[in-house]
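To start, the structure under review is shown below, and the notes come after it.
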Amino acid sequence: MASASIPARITMPAEARRGEIIEIRVLARHAMDRAIDAPGLTPVPRKIIHTLRVTYDGAEILHMDLSPGIAANPYVAFTTVATTTGELVFEWLEDGGAVYERRQMLTVT
Amino acid sequence: MRHLVVLAATLMLGATASAGEVRAPASFLSPDLRALQDDPSRHPGWLWVDGGEALWREAPRSGRPSCEGCHGPIDGMRGVAARYPAVASDGALLNLEARIERCRTDNQQAPAFGYESEALLSLTAAIALRSRGLPVAVETEGAAAQHLAAGKRFYETRQGQLNLSCGQCHDENVGRRLRGDVISSGVGTGFPAYRLEWNTLGSLHRRLRACSLGVRATQLPYGAYDYVALELYLAARARGLPVESPGIRR
């Protein structure tokens with residue numbers, strides 16, 4: 001599936017030593033619309049980012065399910081071990097099938 | 001000697017602040033929220049700042065130059081937000097949002113963004129960020145004096161079904177709790193701010209409308225003169241306090 005861009009801020013080091021634990025902070029812009037369905041209200045279908053998936057040099061290092069209880073503009077911080085120079089691919093999976101993607105290089109010395 | 005300086009500063013402030021000490025909004029935040037406000041890697045407001053910086057460089061469809069085309073890099077806007085609201089050459093009192101809109105319609109000859117639009121919020125946040133940490137330094141003399149007086153009058157007028165003036169909360173009950181939050185000195189130095197209740201970035205006028213609703217008074221439209229004059233009076237109260245935009249508010 002073709003990937004669109006998403007306003008997001010990814011904070012992580014560009015370089016790390018082999019074996020070093022690095023922290024990655026991911027902030028994405030998304031309304032995280034919960035479903036509205038109650039008498040007297042106009043029904044609105046749920047439209048949230050339901051999954052955040054991060055791969056590092058092809059291997060999945062984070063797979064997170066997000067729920068409708070999470071506020072707009074979800075922020076996620078996690079750590080990983082710098083093993084090899086490679087690309088981190090961040091994918092946000094939205095209700096309705098849209099996938100948003102951002103990439104970031106990590107150089108390991 | 002140092003005491004004298006502090007005394008003189010207090011007396012000067014006393015000219016605009018009617019009662020008590022006006023404290024920086026950040027001092028009313030919890031330590032966690034204060035840390036969030038100071039951390040661009042977690043602060044959602046920076047998503048708007050990124051957008052505003054892109055808009056700064058983007059030329060409008062009218063063929064006129066981008067913001068950068070005339071003003072240069074956005075870092076040159078340092079200190080600008082700390083001086084608004086200000087009186088324009090034609091005598092109108094403009095806040096930062098109105099100044100941007102005027103530049104957009106008059107100089108760029110492009111359609112106005114519209115108050116509270118994503119684009120205007122983003123651009124305002126990106127420009128205001130350049131004044132972060134600088135002291136508020138609005139002009140209150142000369143042409144601004146009459147607007148300051150109007151803002152002061154609005155601040156001191158009892159309003160709404162609850163019949164409250166701004167000062168009855170923000171001077172007389174500062175630091176006490178109102179429902180789930182602490183009553184602040186009521187200055188707008190952090191706006192546009194990311195308010196957790198809104199889940200989004202919003203302007204000071206959106207916050208003022210919430211205040212109007214709170215006392216069950218008429219909510220004035222965005223950009224209404226009374227709100228802009230009040231914004232000037234609040235800035236005068238906040239003179240010397242650091243700009244916190246984009247802030248984090250509850």
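For the numbers below, each heavy atom of this structure counts, side chains included, while hydrogens, waters and symmetry mates do not. Residue numbers start from 1 in every chain, and the chains themselves are labelled A, B, ... in the order their sequence lines are given, proteins ahead of strands.
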Are B:Tyr194 and A:Asn73 close enough that some pair of their side-chain heavy atoms sits under 4.5 Å apart? yes
Note, A:Arg25 side chain near B:Asp39 side chain (heavy atom, < 4.5 Å): yes
Separation of B:Leu47 CG from A:His30 NE2 (nearest 0.5 Å): 12.5 Å
Heavy-atom contact with chain B under 4.5 Å, split by part of A:Ala28: backbone
Tell me, for A:Ala31 versus chain B, whether the close heavy atoms (under 4.5 Å) come from the side chain, the backbone, both or neither. neither
Which atom names give the shortest non-hydrogen contact between B:Ser41 and A:Thr11, and what distance separates them? CB-OG1, 3.2 Å
Closest non-hydrogen atoms of B:Arg42 and A:Leu27, given as atom of the first, atom of the second and distance, are O-CD2, 3.8 Å
Chain A heavy atoms under 4.5 Å from B:Asn199: which part of the residue, side chain, backbone, both or neither? both
Check this for me: A:Ile21, atom CD1, are more than 12 non-hydrogen atoms of other residues, nucleotides or ligands nearer than 6.0 Å? no
Residue B:Arg216 excluded, over 12 heavy atoms near CZ under 6.0 Å: no
